[in-house]
There are 2 protein chains.
Amino acid sequence: MSIRNSLARPRVAVDSVLFAVERGRLKCLLVQLQRGALRDKWAFPGGLVRTGEQLDDAAIRELHSTTGLSRAYLEQLFTFGDPRRDPRGHVVSVAYMALIADPGEVQPPAGKYAASQWFEVSRLPPLAYDHQLMADYALRRLKAKLGYTNIAYNLLPKVFTFAQLEELYAAILGRPLDRRNFRRRILGMGLLRELSAKRRGRHRPAALYRFARRVPQVIEVL
Amino acid sequence: MSIRNSLARPRVAVDSVLFAVERGRLKCLLVQLQRGALRDKWAFPGGLVRTGEQLDDAAIRELHSTTGLSRAYLEQLFTFGDPRRDPRGHVVSVAYMALIADPGEVQPPAGKYAASQWFEVSRLPPLAYDHQLMADYALRRLKAKLGYTNIAYNLLPKVFTFAQLEELYAAILGRPLDRRNFRRRILGMGLLRELSAKRRGRHRPAALYRFARRVPQVIEVL
DNA sequence: CCAAAAGTGTTGGCTCTACACCCATGA
DNA sequence: TCATGGGTGTAGAGCCAACACTTTTGG
């Protein structure tokens, strides 16, 4: 172990796996590193936690500084602590999952990173650090929570059709769903409110829904 | 914020919620703090992560130094990062759940703590730091994982009877279980091997079982 | 009237729960 | 023979998956 490592205390960082769904595809945001041994490699946006700062606040701050986002659904996933995970030294990283409804909200990065880009989750480039582990972990968590929480509201506009909701679930789960069974199950959870307005377009108007509560909520499975 | 806080980087610690079942009661181990503002308060054993050290190794090391245990099932739970959670400064703590089969394996602490003691989970004393949150989190996780993993093998001797297994589940879930349904469900998971030997005693001999695999395993629910 | 998307029910299999009595043993 | 804990089956309810046609609209 290098002298540098053995003298410095482990540092604390946060990294965020930011998901959004675009045209029926689940995507996540990667940034391209600008400096250091890993230059030009892709990674999730993140950075060191400041003294006196909450972990969630650090995650938001780093997300904001690289995407311009001022809010997103955030959920802590797991903490990665292998002392060799970062070639620059021992950095313990708290991984987060972040969700937004519209990938278009993200602005190009200011200065810390060379670029940022949405990638389809099933086609990620090779990732720096242990970020592939984070990606796997985040996807697993997201899939699981679709089934027993209202977490999907973070990935949809306030008002949406059942077809949009179904497309979202199918995109994340990676398989098609039966429309009738899906509708029954979702309505059975009692999370949605049907609106009186309809979406009009070229075809038969679709009923519009919103989530009854846009607040994290677990459905008791009993 | 104090000068001390704003200069020092956040430190990284681990804390372990160690569970064991004793005579049908779920218990967890608390240690009594010896120094500082929180002297005499109860808390979970833990301490700072060293540079170059894996988080799991730090958790084991701290457990070992306060209990003499050299191995235990360990699972990372959640990372607590409120900068005010420790009055001595900003300490980010990675919480673990630890499981052992026999509370008797634990030795009195060497020097760091004033005392250690098993407490029934439903009757914990007031805890230092944010350790009550850790306790809640750990218990929730343990309950949940009983249902879809073989995690219980960590809390039982290698060989056991169905009655012991049922008592374990009942103790953790905090409610009685139907013996026939329980047996059917567990056997349906295919995790157990029945041994040819029987436990003999005052009454009808009980069939003995062991876990087919004493390795973490998730049962596909499909 | 045609294309496209929205909306709607039923059936069979499976799973889960509730529930009570007999068995094997040592003392 | 008795006390004690071990072991077993069934029926009804609820849940889930599979499955295809009709409706509504704009162009």
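Order of the sequence lines fixes the chain letters, A, B, ..., with proteins taken first and strands second; residue numbering starts at 1 for each chain. All heavy atoms count here, side chains included; hydrogens, waters and symmetry mates do not.
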* Structure fact -> Rounded to whole Å, CD1 of A:Ile186 lies from P of C:dG7 at a distance of 15 Å

Please report, to 0.1 Å, the donor-acceptor pairs under 3.5 Å made by any side chain of residues 91-108 of chain A, with sequence neighbours excluded.
unit_1: A:Ser93; atom_1: OG; unit_2: A:Asp15; atom_2: OD2; d: 2.6
unit_1: A:Tyr96; atom_1: OH; unit_2: A:Asp56; atom_2: N; d: 3.4
unit_1: A:Tyr96; atom_1: OH; unit_2: A:Asp56; atom_2: OD1; d: 2.6
unit_1: A:Asp102; atom_1: OD1; unit_2: A:Gly104; atom_2: N; d: 2.8

* Can you label the angle between the A:Phe119 ring and the A:Trp42 ring as parallel, tilted or perpendicular, going by 30° and 60°? => perpendicular

* Asked: Just how far, in rounded Å, is C1' of C:dC21 from CG of B:Asp178?
  -> 14 Å

* Asked: How long is the line joining OH of A:Tyr148 and P of D:dC15, in whole Å?
  -> 21 Å

* In terms of side-chain geometry, is the basic nitrogen of B:Glu167 or B:Arg23 positioned less than 4.0 Å from the acidic oxygen of its partner? -> no

* Asked: Once you round it to whole Å, what is the distance between P of C:dG7 and CG of A:Leu177?
  -> 16 Å

* Asked: Start at the 5' end of DNA chain D and walk down; is the nucleotide closest to B:Arg184 or to B:Ala207 reached first?
  -> B:Ala207

* To do: Starting from the 5' end of DNA chain D, give me the residue, A:Arg185 or B:Glu194, whose nearest nucleotide shows up first.
  => B:Glu194

* Asked: Is there side-chain contact between A:Phe162 and A:Leu187, with heavy atoms separated by less than 4.5 Å?
  -> yes

* Before accepting this row, confirm whether a basic side-chain N of the pair A:Arg183/A:Glu166 lies closer than 4.0 Å to the acidic partner's carboxylate O. => no

* Structure fact -> A:Phe182 atom CZ is separated from C:dG9 atom C1', nearest whole Å, by 19 Å

* **Any A:Arg180 side-chain nitrogen or oxygen under 4.0 Å from OP1 or OP2 of C:dG7** => no

Could you write out each protein N or O paired with an N or O of nucleotides 24-27 of chain C at a distance under 3.5 Å?
unit_1: C:dT25; atom_1: O2; unit_2: B:Arg202; atom_2: O; d: 3.4
unit_1: C:dG26; atom_1: OP1; unit_2: B:Arg200; atom_2: NH2; d: 3.2
unit_1: C:dG26; atom_1: O4'; unit_2: B:Arg202; atom_2: O; d: 2.6

* Asked: Does A:Arg179 make a side-chain N or O approach to OP1 or OP2 of C:dA6 shorter than 4.0 Å?
  -> no

* Asked: Rounded to whole angstroms, how far apart are CG on B:Leu192 and C1' on D:dG7?
  -> 16 Å

* **Interatomic distance, A:Leu165 CG vs C:dA5 P [rounded to whole Å]** => 18 Å

* Are B:Arg210 and B:Glu194 ion-paired here, with the side-chain N under 4.0 Å from a carboxylate O? -> no

* Tell me: CZ of A:Arg183 to C1' of D:dA18, nearest whole Å? -> 18 Å

* Charged N to carboxylate O under 4.0 angstrom, A:Glu22 versus A:Lys27? -> yes

* Side-chain N,O (A:Arg199) to OP1/OP2 (C:dA6) below 4.0 Å -> yes

